[in-house]
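Everything below concerns the one structure shown next.
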Amino acid sequence: MPTVDASGPAPAEEKLPADEVESDIEDFEDLIKDNELESASDWTADDETRPVCLYCEITFDNADAVWDHCVVDHDFDFNKLRRGLGLDFFGKLKLINYVRAQVQAGIQPELNRPELFLEDSQYLKPTMQDDALLFGIQDDDSEEEEEDPDVIYEKEQLAEIARDNAEKVKVLQSQLRDLQLQFDEYKDIVRTVLNRDFDSDSGSDGSASSRSSSPERRARPAANGMGKKNANNDDHYFESYAYNDIHEIMLKDSIRTDSYRDFIYDNKDIFKDKIVLDVGCGTGILSMFAAKAGARKVYAVDNSDIIEKAIANVHENGLDRIIQCYRGKIEEIRLPVAKVDIIVSEWMGYALLYEAMLDSVLVARDKYLAPGGLMVPSEVRLLVAGLRDSEFINDKVNFWNDIYGFKMSAMKPRIYDDVLIENFKPSSIVHAEPYTFRILPLHDVTVSDLEFTSPIRVPIPNQPDSFDGIVDGLVIYFDNYFTRSHDEVIPEDARAETFRPGNGSLGFTTGPWGPKYTHWRSGALLFNKPLQVPAGIEELTGAITYQKRKANPRELIIGLELTAGDKKVAQSYFMR
């Protein structure tokens, strides 16, 4: 299955020119030999080489059965077309390879323009490896006329050249394999040494930010021995997704993975015969969901080494004719199609916008999504609620008051500077109604909208028995919504944990009221001092600001201003 790097549509598993030479030569030589078959109708495939339809994945016992199927199901009459154009052996060969190439690229073949394939020698090369349809090709006049002696001589010369070149290519391939093994060994040695140096330099004092207290989703450091100031932020980011552990955690998050699967499988009519783009495909799970739901073509893009695993996963599940994997940044690569019908992506980070992956998804939308196309998910909402959790405060703050008889108050300030990632129960929230402070409609939102200041209101209970009047901080989380169309409107008072309108749309929450915790959890913004809410105050009012760090735009600064009567809170929190 082809993959491309960031500079264009070259495969991620780059095929060397020598490989292409050998492939072209062997394919051409095989086709010459296959031309000696008596007739297409006499040829029957064995179990391993059954002919496959040009337009779908259905296989048949012989070529004639394929052509009959194409006439009925795809309005493509091969025999009528080749007779009308007077195609010889090579003309029919080019026609089959041309149609396959166009269909695989998601493009309707222009059969009324035969010059597109008859004048292009690239279609002498089989589009599909071991294409059984090519084995049954013969010249219509082969039984009535002897082949031109000049043609016979030319074929013999080509076959001789092919055999000579094949031997040379085999030698080169052997040398290349030896070099690859040596290079892999060298990479392993370097990785081991640099990992050891990184571990010894970083120490074990636990001084990482809230992200390090959440290793499941944390970006693993790139093993390059570089200091943080000199490191390339994108390199660190993409390197972090090259390892199995992060993908295992995400796949085991059943709220996350089940929601994507259920939406795609429950709406197969939307995905059938559509072209789908998966941005940040990871292991390829969402691409495979889309393929199984009937997508005609899926383009899976990732700039991490995990793309190699995705390629293997796609092949192992027999979906390589539908899913094509690309290595590179979506901002830089070029897909073989102008537009796609659906973009699917799991781009959400802690507090929703940490890691700034949504920026890339919006670039993909503006570049590739067809008018009226669908974004999956379609809308995301940020919510906030008041926090009162003595157990959490004791565990995160008061813990430092007595460490084996020693005070460590110097450790506390950082707690109030960082967004703390944690799961909270509904009992930790001071009011059952959260406040939605930002809505991101993914069909329309722009990159500039991702830095903002939004007003907030935090309701306060008026039952003294259930609330002691103290607020420890705020909790931020997000809700995800999957809708069937660009135009579907989600009610303002919708709650994602119960959003199932019955038409195939659905939602899920990462907050305290969800049926299960998610790996995103919630983000806690602790006040420097617990806030004693004055009597009679029914809500806290203020604003939340989301801002990208200039030093690393994938990191966040969250600003908070809050008023409770004559009391005010003004703090900034970091996600590093």
Do [X] and [Y] touch side chain to side chain, with heavy atoms closer than 4.5 Å?
{"X": "Arg381", "Y": "Ile490", "answer": "yes"}
{"X": "Gln104", "Y": "Arg321", "answer": "no"}
{"X": "Val376", "Y": "Ile343", "answer": "no"}
{"X": "Thr483", "Y": "Glu379", "answer": "no"}
{"X": "His486", "Y": "Ser378", "answer": "no"}
{"X": "Val99", "Y": "Phe78", "answer": "no"}
{"X": "Leu133", "Y": "Leu54", "answer": "yes"}
{"X": "Leu134", "Y": "Ile96", "answer": "yes"}

Task: Lys/Arg-Asp/Glu bridge criterion (N-O < 4.0 Å) met for Asp266, Arg484 - done: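 The answer is no: the pair does not qualify as a salt bridge.
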Open item on the list: Under a 4.0 Å threshold between the charged nitrogen and the carboxylate oxygen, would Asp359 count as salt-bridged to Lys548?
Closed with: yes
TODO: Please assess Glu331 against Ser360 for the test side-chain hydrogen bond (donor to acceptor under 3.5 Å, both in side chains), listing each intermediate value before the final yes or no.
DONE: CA-CA 7 Å; Glu331 294 89 343; Ser360 297; 2.6 Å; yes
At their closest point, which heavy atom of [X] faces which heavy atom of [Y], and how far apart are they?
{"X": "Asn503", "Y": "Asn267", "value": "O-OD1, 3.9 Å"}
{"X": "His69", "Y": "Ile58", "value": "CE1-CD1, 3.9 Å"}
{"X": "His519", "Y": "Tyr350", "value": "O-CE2, 3.7 Å"}
{"X": "Val314", "Y": "Cys325", "value": "CG2-SG, 4.4 Å"}
{"X": "Phe271", "Y": "Phe263", "value": "CE1-CE2, 4.3 Å"}
{"X": "Pro441", "Y": "Ile439", "value": "CD-O, 3.3 Å"}

- [ ] Give the C-alpha distance, both sets of side-chain angles, the deciding distance and a yes or no for ring-ring contact (aromatic ring centres under 6.0 Å, His included) between Tyr98 and Tyr123.
- [x] CA-CA 6 Å; Tyr98 167 75; Tyr123 295 115; 5.3 Å; yes
Return the [atom1] to [atom2] distance between [X] and [Y], rounded to the nearest 0.5 Å.
{"X": "Asp88", "Y": "Lys94", "atom1": "CG", "atom2": "NZ", "answer": "8.5 Å"}
{"X": "Leu85", "Y": "Lys80", "atom1": "CG", "atom2": "NZ", "answer": "11.5 Å"}
{"X": "Asp341", "Y": "Asp273", "atom1": "CG", "atom2": "CG", "answer": "9.5 Å"}
{"X": "His443", "Y": "Leu362", "atom1": "NE2", "atom2": "CG", "answer": "11.5 Å"}
{"X": "Glu497", "Y": "Asp479", "atom1": "CD", "atom2": "CG", "answer": "6.0 Å"}
{"X": "Thr518", "Y": "Met250", "atom1": "OG1", "atom2": "CE", "answer": "12.5 Å"}

Open item on the list: Using a 3.5 Å distance criterion without hydrogens, assess whether the side chain of Asp131 forms a donor-acceptor pair with backbone atoms of Pro126.
Closed with: no
Open item on the list: Keeping Asp449 on the side-chain end and Thr446 on the backbone end, is there a donor-acceptor pair under 3.5 Å?
Closed with: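 It does hold such a pair.
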Less than 3.5 Å apart, any donor N or O on the side chain of [X] or [Y] sitting next to an acceptor on the other?
{"X": "Lys292", "Y": "Asn317", "value": "no"}
{"X": "Ser259", "Y": "Asp262", "value": "no"}
{"X": "Thr127", "Y": "Arg100", "value": "no"}
{"X": "Ser485", "Y": "Asp487", "value": "no"}
{"X": "Ser505", "Y": "Glu488", "value": "yes"}
{"X": "Thr283", "Y": "Asn313", "value": "no"}

- [ ] Before giving the answer on side-chain contact (heavy atoms from CB on, under 4.5 Å), spell out for Phe508 and Tyr481 the whole-Å C-alpha distance, their side-chain angles and the decisive distance to 0.1 Å.
- [x] CA-CA 7 Å; Phe508 74 80; Tyr481 293 90; over 6 Å; no
- [ ] Decide side-chain contact (heavy atoms from CB on, under 4.5 Å) for Tyr326 and Ile307; before the verdict, give the C-alpha distance in whole Å, the side-chain angles of both, and the deciding distance to 0.1 Å.
- [x] CA-CA 8 Å; Tyr326 287 78; Ile307 194 70; over 6 Å; no
Do other residues, nucleotides or ligands put more than 12 heavy atoms under 6.0 Å from the [atom1] atom of [X]?
{"X": "Lys339", "atom1": "NZ", "value": "yes"}
{"X": "Asp366", "atom1": "CG", "value": "yes"}
{"X": "Glu115", "atom1": "CD", "value": "yes"}

Open item on the list: Cation-pi check for Tyr265 against Lys268: NZ or CZ below 6.0 Å from the six-membered ring centre and within 45 degrees of the axis, yes or no?
Closed with: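 Yes, Lys268 and Tyr265 form such a contact.
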TODO: Would you sort out whether Val344 and Val298 count as a side-chain contact (heavy atoms from CB on, under 4.5 Å), showing the intermediate values?
DONE: CA-CA 10 Å; Val344 60; Val298 181; over 6 Å; no
Open item on the list: Below 30° counts as parallel, above 60° as perpendicular, anything between as tilted: where do the rings of Phe482 and Tyr260 land?
Closed with: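 Answer is perpendicular, since the angle exceeds 60°.
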Task: Verdict with supporting geometry, Phe60 and Val52, side-chain contact (heavy atoms from CB on, under 4.5 Å) - done: CA-CA 7 Å; Phe60 299 84; Val52 182; over 6 Å; no
- [ ] Show your working on salt bridge (charged side-chain N to carboxylate O under 4.0 Å, His left out) between Asp305 and Arg327 and close with a plain yes or no.
- [x] CA-CA 8 Å; Asp305 287 345; Arg327 170 70 181 266; 3.0 Å; yes
